[in-house]
**Student:** 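Please see the structure below; I have some questions.
Residue numbers begin at 1 in each chain, while the letters A, B, ... track the order of the sequences.
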Number of protein chains: 2
Amino acid sequence: MLTNSRIAYHRHDHKRCINAALCRAKELCDARKARLTPIRETVLKTIWASHRPLGAYEIVDQISQSETSAHRVFPPTVYRAIQFLLDQGLIHRLSSLNAYIGCPFPGNYHSDFFLICEQCGSTAECSDDQVDHAVIHAAGRANFQVESKVIEIVGICPECQV
Amino acid sequence: MLTNSRIAYHRHDHKRCINAALCRAKELCDARKARLTPIRETVLKTIWASHRPLGAYEIVDQISQSETSAHRVFPPTVYRAIQFLLDQGLIHRLSSLNAYIGCPFPGNYHSDFFLICEQCGSTAECSDDQVDHAVIHAAGRANFQVESKVIEIVGICPECQV
DNA sequence: AGAAAAGATGTTACTTTGTATCGTTTATTC
DNA sequence: GAATAAACGATACAAAGTAACATCTTTTCT
């Protein structure tokens with residue numbers, strides 16, 4: 001099982017997460033000749049500020065209030081950056097929260113699901129063949145041809161359990 | 001595997017679906033001393049008009065435009081009815097669509113997922129132990145305690161496949 | 001039965017999330 | 001270096017959902 005749950009739910013040097021994410025993003029975009037412009041990078045960095053999914057308007061506020069960006073940023077700008085990052089597989093959207101989170105292993109194909117802690121909000125991404133197969137098998141029994149999946153598990157992360 | 005996919009994706013006498021749903025709703029509410037008021041029943045009936053998930057504002061429009069209801073209905077009224085129906089397990093919310101669909105087997109405990117046809121919109125509900133176990137097992141490996149799940153599969157239903 | 005409390009609805013106004021549009025700027029290509 | 005494509009800034013708007021409060025209907029409790 002591929003997952004960042006060991007990191008996401010435990011104390012760690014988060015700067016390394018951010019650096020790694022930005023680094024991989026640059027590499028990937030470079031290889032694909034996709035343009036990781038300053039705003040796009042800023043949005044990605046803002047999303048990667050923690051392991052908690054961030055709403056689009058939270059991103060707008062964060063960037064608008066930070067000193068580094070001279071002026072206010074508008075929702076469409078952020079949504080466009082989000083769309084780009086989604087297209088590149090650098091972030092994911094959590095439908096149940098209307099929020100966005102950085103992908104810890106972009107590039108590799110992965111059919112993922114998310115473990116959202118209802119206590120602290122921290123969210124880990126997992127990719128597991130068992131889950132994948134179970135879903136495809138179940139769909140197959142209904143003669144349903146799977147194109148994409150949204151799997152979001154809400155519960156309590158190891159750190160928040162008593 | 002418990003599912004209504006055989007019905008949902010194929011030609012059938014849909015009046016029987018509607019009747020059955022309303023009948024079970026009455027029974028359940030009766031048993032629970034929950035009040036299935038006229039508006040709540042109207043909303044439930046509107047949602048059950050097809051096997052396609054319906055947005056809240058579509059429900060508002062449908063009811064407002066129907067001859068049976070004398071006057072316009074407001075969003076909060078519909079949202080309140082929706083909340084009641086969700087609480088009673090008579091309908092489900094599809095996060096990825098911001099839409100609502102009738103539950104074909106309310107009352108029985110079921111951990112469900114949905115097969116959403118991207119072509120015709122018809123959506124079937126499934127309940128499968130394999131999927132359930134796979135998810136819980138995967139979460140367990142991350143020491144994550146599952147409370148609830150959102151599983152929504154998008155693809156092509158048997159009827160829409162070439 | 002009648003008062004009191006609880007539950008449900010009607011209505012207005014508002015918040016949150018997400019887009020269409022258009023003019024301008026910045027890269028890329030030839 | 002002009003032409004083209006891609007990205008951004010800004011305004012306005014659409015869609016989804018809720019807070020608040022007045023009113024009405026049930027239920028409950030003497």
**Student:** Round to the nearest Å and state the distance from B/Phe84 atom CZ to C/dA8 atom C1'.
**Tutor:**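 From B/Phe84 CZ to C/dA8 C1': 11 Å.
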**Student:** Looking at C/dG10, I'd like to know if its phosphate oxygens (OP1 or OP2) sit under 4.0 Å from a side-chain N or O belonging to B/Thr77.
**Tutor:**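 So the side-chain polar atoms of B/Thr77 do come within 4.0 Å of the phosphate oxygens OP1 or OP2 of C/dG10, strictly under.
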**Student:** For the helix from C/dA1-D/dT30 to C/dC30-D/dG1, what is the angle between the axes at its two ends, each from 5 pairs, rounded to 10°?
**Tutor:**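 It works out to 30° between the end axes.
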**Student:** Around atom CZ of B/Arg52, are there more than 12 heavy atoms from other residues, nucleotides or ligands closer than 6.0 Å?
**Tutor:**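 At most 12 heavy atoms, drawn from other residues, nucleotides or ligands, come within 6.0 Å of this atom.
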**Student:** Can you tell me how far C1' of D/dA7 sits from CD1 of A/Ile82, to the nearest Å?
**Tutor:**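 So the two atoms are 16 Å apart, to the nearest Å.
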**Student:** List the atom pairs, donor and acceptor, that lie under 3.5 Å between side-chain atoms in residues 135-150 of chain A and the rest of the protein, sequence neighbours left out.
**Tutor:**
| unit_1 | atom_1 | unit_2 | atom_2 | d |
| --- | --- | --- | --- | --- |
| A/Lys149 | NZ | A/Ser111 | OG | 2.7 |
| A/Lys149 | NZ | A/Asp132 | OD1 | 2.8 |

**Student:** Tell me the interatomic distance from A/Asp61, atom CG, to C/dT15, atom P, rounded to whole angstroms.
**Tutor:**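 From A/Asp61 CG to C/dT15 P: 14 Å.
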**Student:** Mind jotting down which residue pairs meet the ring-ring contact (aromatic ring centres under 6.0 Å, His included) criterion with at least one end in residues 18-49 of chain A? Sequence neighbours excluded, please.
**Tutor:**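 Of all non-adjacent pairs touching residues 18-49 of chain A, those that pass ring-ring contact (aromatic ring centres under 6.0 Å, His included) are A/Trp48-A/His51.
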**Student:** Starting from P on C/dA8, measure out to CD1 on B/Ile39 and report it in whole angstrom.
**Tutor:**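 To the nearest whole Å, that distance equals 10 Å.
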**Student:** Can you tell which of D/dG17, C/dT9, C/dG10 lies closest to the side chain of B/Phe74?
**Tutor:**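 Selected nucleotide: C/dG10.
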**Student:** Whole angstrom is fine here: how far is it from CD in B/Glu58 over to P in D/dA14?
**Tutor:**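 The distance from CD of B/Glu58 to P of D/dA14 comes to 17 Å, rounded to the nearest Å.
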**Student:** Distance-only check: which donor-acceptor pairs under 3.5 Å involve side-chain atoms of residues 82-93 of chain A, not counting sequence neighbours?
**Tutor:**
| unit_1 | atom_1 | unit_2 | atom_2 | d |
| --- | --- | --- | --- | --- |
| A/Gln83 | NE2 | A/Asp87 | OD1 | 3.0 |
| A/Gln88 | OE1 | A/Arg32 | NH1 | 2.8 |
| A/His92 | NE2 | A/Glu125 | OE1 | 3.3 |
| A/His92 | NE2 | A/Glu125 | OE2 | 3.1 |
| A/Arg93 | NE | A/Tyr100 | OH | 3.3 |
| A/Arg93 | NH2 | A/Asn98 | OD1 | 3.0 |

**Student:** If every non-hydrogen atom of B/Pro53 is compared with every non-hydrogen atom of B/Gly121, which pair is closest and at what distance?
**Tutor:**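 Closest approach of B/Pro53 to B/Gly121, heavy atoms only: CD-O, 3.3 Å.
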**Student:** Over how many whole Å does the gap from B/Leu54 atom CG to D/dA16 atom P extend?
**Tutor:**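 It is 11 Å, rounded to the nearest whole Å.
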**Student:** Whole Å only: how far is the CD atom of B/Glu41 from the P atom of C/dA8?
**Tutor:**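 Going from B/Glu41 (CD) to C/dA8 (P), I get 15 Å.
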**Student:** Could you tell me whether the phosphate oxygens of D/dA16, OP1 or OP2, come under 4.0 Å of any side-chain nitrogen or oxygen in B/Tyr100?
**Tutor:**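 For D/dA16, OP1/OP2 do not have a side-chain N/O of B/Tyr100 under 4.0 Å.
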**Student:** Any Lys/Arg nitrogen of A/Glu41 or A/Lys26 sitting under 4.0 Å from an Asp/Glu carboxylate oxygen of the other?
**Tutor:**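 Salt bridge: yes.
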**Student:** Of the nucleotides C/dA8, D/dC8, C/dG10, which one has an atom closest to the side chain of A/Thr37?
**Tutor:**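 The closest nucleotide is D/dC8.
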**Student:** Summarise how protein sits on nucleotides 19-30 of chain C as a single string, 5' to 3': B when a protein heavy atom is under 4.0 Å from the base, S for sugar-phosphate-only contact, - for no contact.
**Tutor:** BBB-----SS--
**Student:** Can you name the residues that form a side chain to side chain donor-acceptor pair (under 3.5 Å) with B/His10, not counting sequence neighbours?
**Tutor:**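 B/His10 satisfies side chain to side chain donor-acceptor pair (under 3.5 Å) with no residue once adjacent residues are dropped.
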**Student:** Are A/Leu97 and A/Ile59 linked, directly or through other ILVMFWY residues, by side chains that come within less than 4.5 angstrom of each other?
**Tutor:**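 No: no chain of side-chain contacts under 4.5 Å links A/Leu97 to A/Ile59.
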**Student:** Is A/Ile18 atom CD1 crowded by more than 12 heavy atoms from other residues, nucleotides or ligands, each under 6.0 Å away?
**Tutor:**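 Yes, the 6.0 Å shell around CD1 holds more than 12 heavy atoms from other groups.
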**Student:** Map A/Val73 and B/Gly55 onto DNA chain D by nearest heavy atom, then report which one ends up closer to the 5' terminus.
**Tutor:**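 Whichever sits nearer the 5' end wins; that is A/Val73.
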**Student:** Find the distance A/Ile59:CD1 to C/dT16:P and express it as a whole number of Å.
**Tutor:**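 So the CD1-P distance, A/Ile59 to C/dT16, works out to 16 Å.
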